[in-house]
Amino acid sequence: MERFRDPGERLDAFGGAVLATCPACGARVTVTPERGACGACAWSAEPEGRTTWWGSPVDPYLRLPLWLTAPVGDELLWAYNAAHLDLIESYVGATLRERPLERTSAMSTLAERLPPWLKSAKNRDAVLAACARLRARLP
């Protein structure tokens, strides 16, 4: 039996360095709160002010499409980076899912806020296959 213990982190905990798609050449771009830069074509940009785009398949700083996206049926699986993908993969692959023992805030954790289609056991194999495809795209 695979066990997942919710670390109690929120989505913004995975936003240090986000993998996105370069708007100029389509290559992988690393975006941080300070800057986004493409090593393939030298495109770069700096975020303008604070962002509120957490929780969608775009990077939260420059709003570029994420690098780690894969279709799962009619849905879209996405992750900001390897750590985010690790958490999703661990959660989906687990048959026993435990909530955090202590709640540090009133806000839900990332694991608690995953969409129902992603949590569903009937989609486990398809989601894990999509996670494997995304893992192959990691640097």
Side-chain angles (χ1 to χ4, degrees):
M1 175 179 340
E2 208 46 49
R3 176 179 291 206
F4 174 83
R5 288 194 173 115
D6 189 343
E9 295 175 328
R10 295 185 1 221
L11 182 58
D12 57 2
F14 298 95
V18 176
L19 301 176
T21 304
C22 177
C25 72
R28 184 184 67 243
V29 175
T30 300
V31 181
T32 66
E34 294 82 31
R35 178 171 188 211
C38 179
C41 73
W43 172 89
S44 68
E46 293 180 8
E48 297 177 9
R50 193 163 186 256
T51 184
T52 57
W53 285 79
W54 292 105
S56 61
V58 296
D59 87 79
Y61 309 113
L62 296 172
R63 299 179 196 101
L64 299 174
L66 291 178
W67 180 253
L68 298 174
T69 61
V72 179
D74 293 337
E75 304 292 345
L76 182 67
L77 175 66
W78 55 269
Y80 285 143
N81 50 36
H84 187 197
L85 181 60
D86 290 344
L87 184 130
I88 293 169
E89 197 169 29
S90 296
Y91 182 91
V92 172
T95 53
L96 177 62
R97 299 169 180 166
E98 297 178 352
R99 293 184 174 172
L101 294 176
E102 294 183 24
R103 298 291 299 248
T104 56
S105 76
M107 296 195 65
S108 300
T109 67
L110 170 61
E112 291 172 329
R113 297 191 71 176
L114 290 172
W117 69 267
L118 193 72
K119 295 178 178 184
S120 175
K122 72 178 182 179
N123 295 328
R124 180 176 288 135
D125 291 340
V127 172
L128 291 175
C131 286
R133 290 193 308 272
L134 294 182
R135 191 158 301 287
R137 297 193 78 191
L138 287 171

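Values below: every heavy atom of this structure, side chains too, minus hydrogens, waters and symmetry copies.
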*Closest approach of S44 and R35, non-hydrogen atoms and distance?*
CB-NH2, 3.2 Å
*Does a side-chain heavy-atom distance below 4.5 Å link P139 with T30?*
no
_Close side-chain approach of P23 to W43, heavy-atom, < 4.5 Å_ = yes
_Over all atoms of both residues, closest heavy-atom pair of T109 and G8_ = CG2-CA, 3.4 Å
*What heavy-atom pair brings A17 and N81 nearest, and what distance separates the two atoms?*
O-ND2, 3.1 Å
*Can you find a heavy atom in the side chain of L96 that is under 4.5 Å from one in the side chain of R3?*
yes
*Any idea which heavy atoms bring A70 and L134 closest together, and the distance?*
CB-CD2, 3.8 Å
*To the nearest 0.5 Å, what is the distance between OG1 (T32) and CD (E46)?*
9.0 Å
*Mind checking whether E75 and V127 have side chains closer than 4.5 Å, heavy atoms only?*
no
_Min side-chain heavy-atom separation L110-Y91 under 4.5 Å_ = no
_W67 vs D59 side-chain heavy atoms within contact, under 4.5 Å_ = no
*Could you tell me which non-hydrogen atom of K119 sits nearest to which non-hydrogen atom of E112, and how far apart they are?*
NZ-O, 2.9 Å
*Who passes side-chain contact (heavy atoms from CB on, under 4.5 Å) against T69, sequence neighbours left out?*
L66, L76, W78
*May I ask you to test the L68-R137 pair for a side-chain heavy-atom distance under 4.5 Å?*
yes
*Partners of R135 by side-chain contact (heavy atoms from CB on, under 4.5 Å), sequence neighbours excluded?*
L85, D86, E89, L138
_Separation of I88 CD1 from L128 CG (nearest 0.5 Å)_ = 11.0 Å
*Considering all heavy atoms, the nearest V29-A37 contact*: CG1-O, 3.4 Å
*Flag, side chain of R28 to backbone of G39, donor-acceptor distance under 3.5 Å*: no
